[in-house]
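Reckoned from all heavy atoms, side chains included, excluding hydrogens, waters and symmetry mates.
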Amino acid sequence: MLEQVIAAMETQLSNGPTCNNTAHGSTAINNCSSPVDSGHTEDSKTNLIVNYLPQNMTQEELKSLFGSIGEIESCKLVRDKITGQSLGYGFVNYVDPKDAEKAINTLNGLRLQTKTIKVSYARPSSASIRDANLYVSGLPKTMTQKELEQLFSQYGRIITSRILVDQVTGVSRGVGFIRFDKRIEAEEAIKGLNGQKPPGATEPITVKFANNPSQKNNQAILSQLYHSPNRRYPAPLAQQAQRFRTKSACSLRECIKFQKLCFGHPSFRLDNLLNMAYGVKSRFPPMTIDGMTSLAGINIPGHAGTGWCIFVYNLAPDADESILWQMFGPFGAVTNVKVIRDFNTNKCKGFGFVTMTNYDEAAMAIASLNGYRLGDRVLQVSFKTNKTHKA
DNA sequence: TCGTATT
């Protein structure tokens, strides 16, 4: 029950104007695209940690996503022991190290709803790496993430860094986080930097251990949801459009939200925005269409109990599951994707299926992606009908 | 002016 409430709140919050760690495109990428390179031979080459997962993503969805790469030995979504809420990260252990490497290469940076997930090798579990996260305040507003890292890197290996920014203006709020590899490194950084002035700064900074995430209470979220003005005053359309042209936009959902604002304006057609901002990287070779042409017909959406099954047609022969995750993931909870392949050639037969949990998200995905140009192909996307069943 | 990274 609580989880449903939280999920509903997340849905609401996800309609906000910005995505996590995407206020600065390049900064966010840096933060998410540098898998931890252990450099120790005893480190696992099969076990991955996955960070920045959507709040409502389940362990089953995590397994489904990463299982599309290769056989999984084990998979765990970490949840709060008391509330059961997802803590937004999990572990995936593959059978084959090559699949782990492939998962990093293909899934790191994947956008799911409002999140950009990070996929990297898990460090060996140890007490020494826990509670190594620092909260830093009083930073000069001009300080960049890189400069912040330079300041702290003298005390140890930095796992993540972040500077919080104003959601509207994008300007630094003067506070940030530094996560070290070891807690002892974080302790030394506090000793060395708390109360000190960074080079060129006029005010000293405060460095302390960050709050423990488990201390968060749901009341704070509820208060945030109901009292904060979730609506930002919309910037002029051209100004917003610039965000998409400069690739700083982060998700299909953002494109869709923006497209609603621009409805009817020919320069801001959704397919154009998607191709501009989403950058689905594929130039699939042409393919002869054989069969599957009689799709027009009964159009009764198929609800299979486990979710809403969506039919995707006109995929290229080399299409794989990851492209379906990339396209549909931003719209909401995706529980499963499947590319239908020829048994002998292992090439995609031109279609696949996507299962989504929520009707409205599935409907939005269909409305947005039907007719979407993927490479040189125009996709047909609809709810799966009985017609697609073949005995 | 505190987001959610070690099972």
What is the distance from [atom1] of [X] to [atom2] of [N], rounded to the nearest Å?
X: A:R183; N: B:dT6; atom1: CZ; atom2: P; result: 12 Å
X: A:R157; N: B:dT6; atom1: CZ; atom2: C1'; result: 13 Å
X: A:D181; N: B:dT6; atom1: CG; atom2: P; result: 11 Å
X: A:K182; N: B:dA5; atom1: NZ; atom2: P; result: 18 Å
X: A:Y121; N: B:dT7; atom1: OH; atom2: P; result: 21 Å
X: A:I190; N: B:dC2; atom1: CD1; atom2: P; result: 17 Å
X: A:N47; N: B:dA5; atom1: CG; atom2: C1'; result: 13 Å
X: A:L164; N: B:dT1; atom1: CG; atom2: C1'; result: 8 Å

Checklist entry - How is A:K81 classified with respect to the nucleic acid when contacts are heavy atoms under 4.0 Å: base, sugar-phosphate, or nothing? => result nothing
Next on the checklist: Regarding A:F177, tell me which of base, sugar-phosphate or nothing describes its non-hydrogen contacts under 4.0 Å with the strands shown.
Outcome noted: base
Nearest-neighbour nucleotide for the [X] side chain, [options] considered:
X: A:Y52; options: B:dC2, B:dA5, B:dT6; answer: B:dA5
X: A:I159; options: B:dC2, B:dT7, B:dA5; answer: B:dA5
X: A:S125; options: B:dC2, B:dA5, B:dT6; answer: B:dT6
X: A:K76; options: B:dA5, B:dT1, B:dT7; answer: B:dT7
X: A:S120; options: B:dT6, B:dC2, B:dA5; answer: B:dA5

Next on the checklist: I want to check one thing: is the phosphate of B:dT7, taken as OP1 and OP2, less than 4.0 Å away from some side-chain N or O of A:R79?
Outcome noted: no
Item to check | B:dC2 phosphate, OP1 or OP2, under 4.0 Å from A:N211 side-chain N/O | outcome: no
Next on the checklist: For A:E188 and A:K191: C-alpha separation, side-chain torsions, deciding distance, then whether salt bridge (charged side-chain N to carboxylate O under 4.0 Å, His left out) applies.
Outcome noted: CA-CA 5 Å; A:E188 291 303 312; A:K191 290 179 189 170; 3.3 Å; yes
Item to check | Salt bridge flag under 4.0 Å for residues A:R123 and A:D181 | outcome: yes
Checklist entry - Are any of the side-chain nitrogens in A:E187 or A:R183 under 4.0 Å away from the carboxylate oxygens of its partner? => result yes
Checklist entry - Side-chain donor or acceptor of A:R130 under 3.5 Å from a matching atom on the base of B:dT6? => result no
Item to check | No-hydrogen, no-angle side-chain donor-acceptor test under 3.5 Å, A:E73 and A:N93 | outcome: yes
Next on the checklist: Between A:S161 and A:E149, do the side chains contain a donor N or O and an acceptor N or O under 3.5 Å apart?
Outcome noted: yes
